[in-house]
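Presented below is the structure to which this report refers.
In listed order, ligands and their atoms are each counted from 1. The first residue in the sequence is number 1, and the count goes up from there.
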Amino acid sequence: MSSIATPLMPIAGHADPVVQPRDVAPRADGRIDLIGMTRGEIQAALTAKGLDTKAAKLRAKQLWHWIYHRGVSDFAVMSDIAKVMRPWLAEHFIIARPHIVTAQQSSDGTRKWLLSTDDGHEYEMVFIPDAARGTLCISSQVGCTLNCRFCHTGTMRLVRNLTAGEIVGQVMLARDALGEWPKGNMATSAEDDDAADDDVGHYSADGRLLTNIVLMGMGEPLYNFDNVKNAMQIVMDGDGLALSKRRITLSTSGVVPMMARAGAEIGVNLAVSLHAVTKEIRDEIVPINRKYDLTSLLEACAAYPGANNARRITFEYVMLKDKNDSDDDARELVRLLRQYRLPAKVNLIPFNPWPGAPYACSDDARIRRFSDIVFEGGISAPVRTPRGRDIMAACGQLKSAAKKLSRAELDRLAEEKQAML
Ligand code: SAH
Ligand code: SF4
């Protein structure tokens, strides 16, 4: 992007890795973007522009439906809003989408979009179709303040939290791209002043391509809790995007103090980036372990609200050659998951390489052996097939167009970030 209006937070030198989000710069045209606001916030924004409470409440409800249930971004087609009010709305407000910088498609059908915020920061989202479902992998931050040693996103130097609108905007953009908003009488409705919207209810989940959402793109979602929560509430709202919480998974590297709140207030499925079973190795590859150790992490998992045998916690385990992939590691993994009585499944993720990465992927035979040991311990441990590697869309490969760092710079950055923990 040519110009960046909001300064990002430089990571080096900050004492605490918890992101201090910058306020997003107001839009240059002075209009307010409604995407990401709660119903109450939309109502308050309408009141602030002069509507009385009753009118604002009604219009907020109608806007919500058009924006989130119908995917409309043009006030002119909102047929149940008085014709004279539509230009007034357009003058003060906007229903924006993230800007698409590039869109790529992998030979395996995986799609990756490089997106830009209105103030010029880049982040990525990935759509992974397979026979049974279509999963959208969304980002929660520009970059990541953490620095897991095997993750490309962790090498990004600059971070800003994405707003709720920028998070939910990814889902809306994906529905635009996949053509998955309900078809209705929108084409003709503009003529039909104040007409009732008789098309409500035509929307069904059947046959949709986008069925699941994972918060596994760029960033640590539990370091951007409020925005992630507001965005997911819109995604789950019955008159919003209407996706079940059972089809949404939040992945954390282990922000232990926020896990109970995530379960209670967001309520989606939990995935935990475990990746190692000893303090020594986890401290090295997932440095947040120095702050919140394995014991406190596994205790928080055991207490996660809503986890049970029907809704198990996913433990992600990246397979790094000669680092965390021995038979002993596999046996220790089983022992730990049993010790804490966790309703668990393990996802074994072959390491996805990126330029300058300090690790290699374990051999296929090693990964199979590891998987067998965990299976024999009574825990499901499928090996995940990497998707979209050819377009750098696989787990941990996302980095957007940020400046490429040399090996020496990567090591220094890792040290700086680890010093903050
Ligand atoms: N920040 C969150 C969510 C994003 S990462 C978290 O760490 O959980 C999604 C998953 O991909 C995490 O389990 C992450 O550890 C894993 N991952 C990161 N880099 C990877 C790589 N190069 N190869 C394979 N998996 C990777
Ligand atoms: Fe951040 Fe997750 Fe990557 Fe770790 S694995 S650096 S927490 S995005």
Side-chain angles (χ1 to χ4, degrees), residues 11 17-19 123-126 128 135-159 161-162 167 213-225 228 248-256 258-259 262 268-276 282-292 297 301 313-321 323-325 345-362 367 383-389 392-400 402 410 413-414 417-418 420-421:
I11 288 175
V18 178
V19 177
Y123 59 108
E124 292 178 317
M125 88 174 174
V126 177
I128 309 147
T135 305
L136 185 71
C137 177
I138 61 177
S139 293
S140 56
Q141 299 181 311
V142 174
C144 185
T145 46
L146 298 170
N147 185 249
C148 303
R149 292 273 290 158
F150 48 85
C151 174
H152 207 199
T153 307
T155 68
M156 285 176 73
R157 186 168 270 281
L158 301 167
V159 173
N161 277 343
L162 291 175
I167 298 169
I213 291 177
V214 293
L215 279 148
M216 293 189 186
M218 290 174 159
E220 169 47 60
L222 295 188
Y223 275 163
N224 187 15
F225 187 85
V228 165
I248 304 172
T249 301
L250 181 153
S251 176
T252 181
S253 56
V255 184
V256 169
M258 299 306 289
M259 285 170 59
V268 296
N269 301 325
L270 180 69
V272 171
S273 295
L274 192 63
H275 303 316
R282 198 163 191 271
D283 276 356
E284 176 191 328
I285 66 177
V286 188
I288 196 177
N289 195 63
R290 296 169 183 201
K291 193 164 188 180
Y292 307 116
L297 176 59
C301 290
I313 296 174
T314 304
F315 289 90
E316 293 157 289
Y317 200 98
V318 63
M319 298 302 296
L320 302 174
K321 190 179 176 66
K323 184 50 73 179
N324 63 355
D325 61 352
K345 56 187 168 187
V346 173
N347 260 342
L348 298 178
I349 316 176
F351 169 65
N352 292 308
W354 41 271
Y359 300 109
C361 184
S362 313
I367 299 177
V383 181
R384 288 262 297 272
T385 314
R387 297 289 306 266
R389 267 186 180 174
M392 293 288 284
C395 292
Q397 291 188 316
L398 303 183
K399 194 189 165 183
S400 86
L410 287 175
L413 177 63
K417 288 195 186 181
Q418 287 180 17
M420 299 186 309
L421 289 166

For atom 9 (C) of ligand 1, closest protein heavy-atom neighbour: Met216 O, 3.6 Å
Would Asn352 count as being in polar contact with ligand 1, using the rule that some N or O on each side must be under 3.5 angstrom apart? yes
Nearest non-hydrogen protein atom, atom 26 (C) of ligand 1: Cys395 O, 3.6 Å
For atom 3 (Fe) of ligand 2, what is the nearest protein heavy atom, given as residue, atom name and distance? Cys151 SG, 2.4 Å
Considering only non-hydrogen protein atoms, determine which one is nearest to atom 17 (N) of ligand 1 and report residue, atom name and distance to 0.1 Å. Phe150 CE1, 3.8 Å
Closest approach of any protein heavy atom to atom 6 (S) of ligand 2, naming residue and atom: Cys148 N, 3.4 Å
Shortest protein contact, atom 10 (C) of ligand 1 (heavy atom only): Glu316 OE2, 3.6 Å
I'd like to check which ligand 1 atoms, numbered from 1 as shown, lie under 4.0 Å from a non-hydrogen atom of Cys151. 18 (C), 19 (N)
Residues Ser139 and Ile167: closest non-hydrogen pair is O-CG1, 4.0 Å
Does any non-hydrogen side-chain atom of Leu274 lie less than 4.5 Å from one of Val346? no
For Leu215, is at least one N or O under 3.5 Å away from an N or O on ligand 1? no
Identity and distance of the protein heavy atom lying nearest atom 2 (Fe) of ligand 2: Gly219 O, 4.5 Å
For ligand 1, which atoms, with element, lie under 4.0 Å from some heavy atom of Val318? 23 (N), 24 (C), 25 (N)
Between Gly217 and ligand 1, does any nitrogen or oxygen pair lie at a separation below 3.5 Å? no
If I apply the N/O under 3.5 Å rule, does Ser251 come out as touching ligand 1? yes
Nearest neighbour in protein (non-hydrogen) for atom 12 (C) of ligand 1: Ser273 OG, 3.2 Å
Of Asn224, Asn161, Thr153, the residue whose pairing with Gln141 passes side-chain hydrogen bond (donor to acceptor under 3.5 Å, both in side chains): Asn161
Where ligand 1 meets Thr252 - atom numbers and elements under 4.0 angstrom, heavy-atom basis: 6 (C), 8 (O)
Which protein non-hydrogen atom lies closest to atom 15 (O) of ligand 1, naming both residue and atom, and how far is it? His275 NE2, 2.6 Å
Considering only the protein, which heavy-atom contact is closest to atom 19 (N) of ligand 1, and what is its distance? Gly396 CA, 3.0 Å
N, O or S from Cys144 under 2.8 Å to atom 1 (Fe) of ligand 2: yes
Identify, for atom 1 (N) of ligand 1, the protein heavy atom at the shortest distance, and state residue, atom and that distance. Gly219 O, 2.8 Å
Please give me the minimum heavy-atom distance between Leu215 and Val228, naming the atom from each residue. CD1-CG1, 3.9 Å
If you apply the rule side-chain hydrogen bond (donor to acceptor under 3.5 Å, both in side chains), what do you find for Glu220 with Thr252, and how did you get there? CA-CA 6 Å; Glu220 169 47 60; Thr252 181; 2.9 Å; yes
